[in-house]
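Proteins come first, then strands; the chains are lettered A, B, ... in the order of their sequence lines, and each starts at number 1.
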Amino acid sequence: MEIFIDYFGLSFIQSQLPRFWNGFQLTIAIAAASMIGAVTWGLLLVGPRMSGIKPIVWPLMAYVEFIRNTPLILQIYLSYFGLPLIGLPLSAFICGVIAIASQHGAFLCEIIRSGIEAVSKQQWEGALALGMTKRKAKYNVILPQALLKVVPPIGNQLVILIKDTSLVSAIGIIELTLSGKMVIERSGASFEVFLFIALLYLILTTTFGLILRFVEIYLRERQ
Amino acid sequence: MFDVFFSNLPYFMKGAVQTVWLALAGVGFGTIFGLIIGVANASMGGGVAKFINVYVFLIRGIPVLVWMFLAYYMLPQLGLIIGDLFAVIGSLILYTGAFVSEIARGAVLSVPKHQIDSAKALGMNKFNILRLVIIPQAMKMSIPSLLNNSVMMIKATAYVSVVGVWELTYAAREVVERTLAAFQVFFGVMCIYFLICYPLTIVASQLEKRYSYEH
Amino acid sequence: MNTDKEVPMIQAKEIHKSFGDLKVLNGISFNVKRGEVIAIIGPSGSGKSTLLRCLNFLEEHDNGEILIDGDPLGYSLNENKTRVRQSEKEIAKLRSNVGMVFQSFNLFPHRSVKDNITMAPISVKKIKISEANKSAKKLLDKVGLLDKIDEFPSRLSGGQQQRVAIARALAMEPKVMLFDEVTSALDPELVGEVLYAIKQLAEEGMTMVIVTHEMQFAMDVSNRLIFMDSGKIIEEGSPQVLLKNPNSKRLKEFLHRFRSSFA
């Protein structure tokens, strides 16, 4: 075991493990907070977005399109540099979470909307013909079916979210990516450090992907 | 109200040009690269497919920023002194390539089997089937996804600023750190990106609509 | 609600309907008596499905009046004789008295057969779950599918799904049943079981309006036949008379295609 570690220069990495561990934890924290924020935001947006009331729908569409066609890094900068200027001196962590949650929330809103619209019109007709009101039809027939369709794309979007947490390194949050960068620059270490960082991200995204797979299977069984 | 933004506009325009260059190089070559390996993945199978799948898995599981840092630090140490700019373009090409290969692979696999069967019945060999039947249809179908992917990668060019390469986002941050006019500048620069990306998004959704009618 | 036996179950007066520029229903008027079985036949595009869907307000008629058991459907006339759209609740209530079976079954794939049948009675009529389950069993037994009660729709054949759809519609205890080309999407060998279920219902005295292509079936099961073309009723009368001795040119042409299927 020792020979293995020495050969690959991993002893250095081993010595830096506490720093990487802190970064890793912070990445998970940002990801978790952002996911909760994004899902909440997406769910809040869907209702008005599908309401059909033009003065509400049009601004929301504009907002979603604008967010989706501009880089997340700028939204993070806007949040971090801009919010204090309007009297909200929030921590870098919160600014980062706000930016990530609002971008991904906009994406999730569109995903949920597509899922609901994808449930065929004939299901609506079957429910309405039985004398259900639109509301009953929506909750008993349409939304359960939309939920099933929507879980895989939402899962994909959340994996992207995990990767996007690396961007908050630009505003000084010492998550996994910035930990790696700091270690390299302070100790002149070689690039293998980033291979290790990459590996940690891979473990994170793959594990999350597996959890998602289980959730999908569970939901399908429950049906 | 937007005076700071507009007075720095020439500077931002230079940055925008740099962004477009990065996009053309990274996304352009990346797309071509991705199309080739995607088609190879779908049509060859076996060892080639496995290798490509591992490649895609690695790229998609790791943030693009980390790939950029890796290229940035790794290439000089391996003796490849090609400069920061080309290091990040390289990572953009690899990153785009992975996503495009999945798009191409999906498109090739979704060409209806009966078309391939008719071509075989006519006596065409595998290479010609690929060339004349599968690829034209697959490419046509994948254009909306490719456009959406390009938008995603154009947004990714902004991340090279974190590694230290100068382009539009880097310029924006420079100006804000100097003038503190965060809202104007960042919002204005976001609009520039929007003007570049949104037309592509619109074309993609128009084409998508047209294809859903044709089927 | 009307207990006067003389009031027709369905009254349609001068119904007009357009989709954009396309006029689909051009002044349709007819009545359906209690216990009558009406079959509507006609070429594609004649408006027969649209007419049927107007009878439970899945399509909204532009002009004219529709009355179900004496109650106006969709629009009420106020004192000034102007049309006032009914509230969603009122419309839903009227719909619960009209059962509809669709060409594409429209069963809910995410629920079992039993839940498909009990969902509406429980949530709309607030029937107790145990009672709803009992009725569901009875109805499934009637259509011969009691053993499939816990299955999911995707595991059933088309004919079985359609029979479940009939049971589901009957669970709401409707006053009238509408059938929209319910066998058109089925493989030929599955058609018979569905037609048999419908025949049984007719024998029990259910008021029904059936849109169909099955000429023999229309002749066997209906009391009255309506032939539609281009949004108008061209001929109506007893099925035997209409099909053997059609009056109008259009009906003659239409039947020409089916000539070989009757004795």
Whether over 12 other heavy atoms sit under 6.0 Å from Tyr55(B) OH
yes
Under 4.5 Å, counting heavy-atom pairs only, tell me which of Ala172(B), Ser161(B), Cys191(B) racks up the most with chain A.
Cys191(B)
Nearest 0.5 Å, please: how far is CE in Met74(B) from CZ in Phe194(A)?
12.5 Å
Cut-off 4.5 Å, heavy atoms of chain A, and the answer for Leu58(B) is both
Answer with side chain, backbone, both or neither: which region of Leu200(A) has an atom nearer than 4.5 Å to a non-hydrogen atom of chain B?
neither
Output for pair (Tyr201(A) OH, Ile62(B) CD1), nearest 0.5 Å, gives 10.5 Å
By a 4.5 Å heavy-atom criterion (distance strictly below it), what part of Ser169(A) contacts chain B: side chain, backbone, both, or neither?
side chain
Identify each donor-acceptor pair in which a side-chain atom of residues 96-103 of chain A lies under 3.5 Å from a protein atom, sequence neighbours left out, and give them as a table.
from: Ser102(A); atom 1: OG; to: Ile98(A); atom 2: O; distance (Å): 3.3
from: Ser102(A); atom 1: OG; to: Ala99(A); atom 2: O; distance (Å): 3.2
from: Gln103(A); atom 1: NE2; to: Ile67(A); atom 2: O; distance (Å): 3.3
from: Gln103(A); atom 1: NE2; to: Thr70(A); atom 2: O; distance (Å): 3.4
from: Gln103(A); atom 1: NE2; to: Gln75(A); atom 2: OE1; distance (Å): 3.4

Tyr193(B) OH: over 12 foreign heavy atoms closer than 6.0 Å
yes
side-chain contact (heavy atoms from CB on, under 4.5 Å) between Ile184(A) and Phe69(B), intermediate numbers included:
CA-CA 11 Å; Ile184(A) 286 195; Phe69(B) 272 123; over 6 Å; no
So, taking the atom named OG in Ser205(B) and the one named CD in Glu65(A), what distance separates them when rounded to the nearest 0.5 Å?
7.5 Å
Please rank Ile154(B), Val64(B), Val66(B) by heavy-atom pairs under 4.5 Å with chain A and give me the top one.
Val66(B)
Go through Leu167(A) and Tyr159(B) one step at a time and tell me if the side-chain contact (heavy atoms from CB on, under 4.5 Å) criterion holds.
CA-CA 8 Å; Leu167(A) 293 175; Tyr159(B) 306 160; 3.6 Å; yes
Begin with the C-alpha distance, continue with both residues' side-chain angles, and end with the deciding distance and a verdict on ring pair (Phe, Tyr, Trp, His ring centres under 6.0 Å) for Phe66(A) and Phe187(B).
CA-CA 11 Å; Phe66(A) 191 70; Phe187(B) 190 72; 5.4 Å; yes
Does atom OH of Tyr11(B) have more than 12 heavy-atom neighbours from other groups under 6.0 Å away?
yes
To the nearest 0.5 Å, atom CG of Leu65(B) lies from atom NZ of Lys181(A) at 9.0 Å
State the OG1-CD1 distance between Thr169(B) and Ile76(A), to the nearest 0.5 angstrom.
11.0 Å
Interatomic distance, Asn69(A) atom CG to Thr201(B) atom OG1 [nearest 0.5 angstrom]
3.5 Å
The interface call for Ile73(A) against chain B, heavy-atom contacts under 4.5 Å, is both
Checking side-chain contact (heavy atoms from CB on, under 4.5 Å) for the pair Thr206(A)/Phe57(B): CA distance, chi angles, key distance, verdict?
CA-CA 9 Å; Thr206(A) 312; Phe57(B) 172 68; 3.5 Å; yes
Are side-chain heavy atoms of Arg173(B) and Phe81(A) found at a separation under 4.5 Å?
yes
Check whether any side-chain N or O of Lys163(A) sits under 3.5 Å from a backbone N or O of Arg60(B) as a donor-acceptor pair, and report yes or no.
yes
Begin from the C-alpha positions of Tyr73(B) and Glu185(A) and carry the test side-chain contact (heavy atoms from CB on, under 4.5 Å) through to its verdict.
CA-CA 10 Å; Tyr73(B) 288 115; Glu185(A) 298 199 332; 3.0 Å; yes
Return yes when atom CZ of Arg19(A) has more than 12 non-hydrogen atoms of other residues, nucleotides or ligands closer than 6.0 Å, and no otherwise.
no
For Leu176(A), is it the side chain, the backbone, both, or neither that has a heavy atom closer than 4.5 Å to a heavy atom of chain B?
neither
Bottom line for Val162(B): the part with an atom under 4.5 Å from chain A's heavy atoms is both
Which region of Val189(B), side chain (C-beta onward) or backbone (N, CA, C, O), has a non-hydrogen atom less than 4.5 Å from a non-hydrogen atom of chain A, or is it both or neither?
both
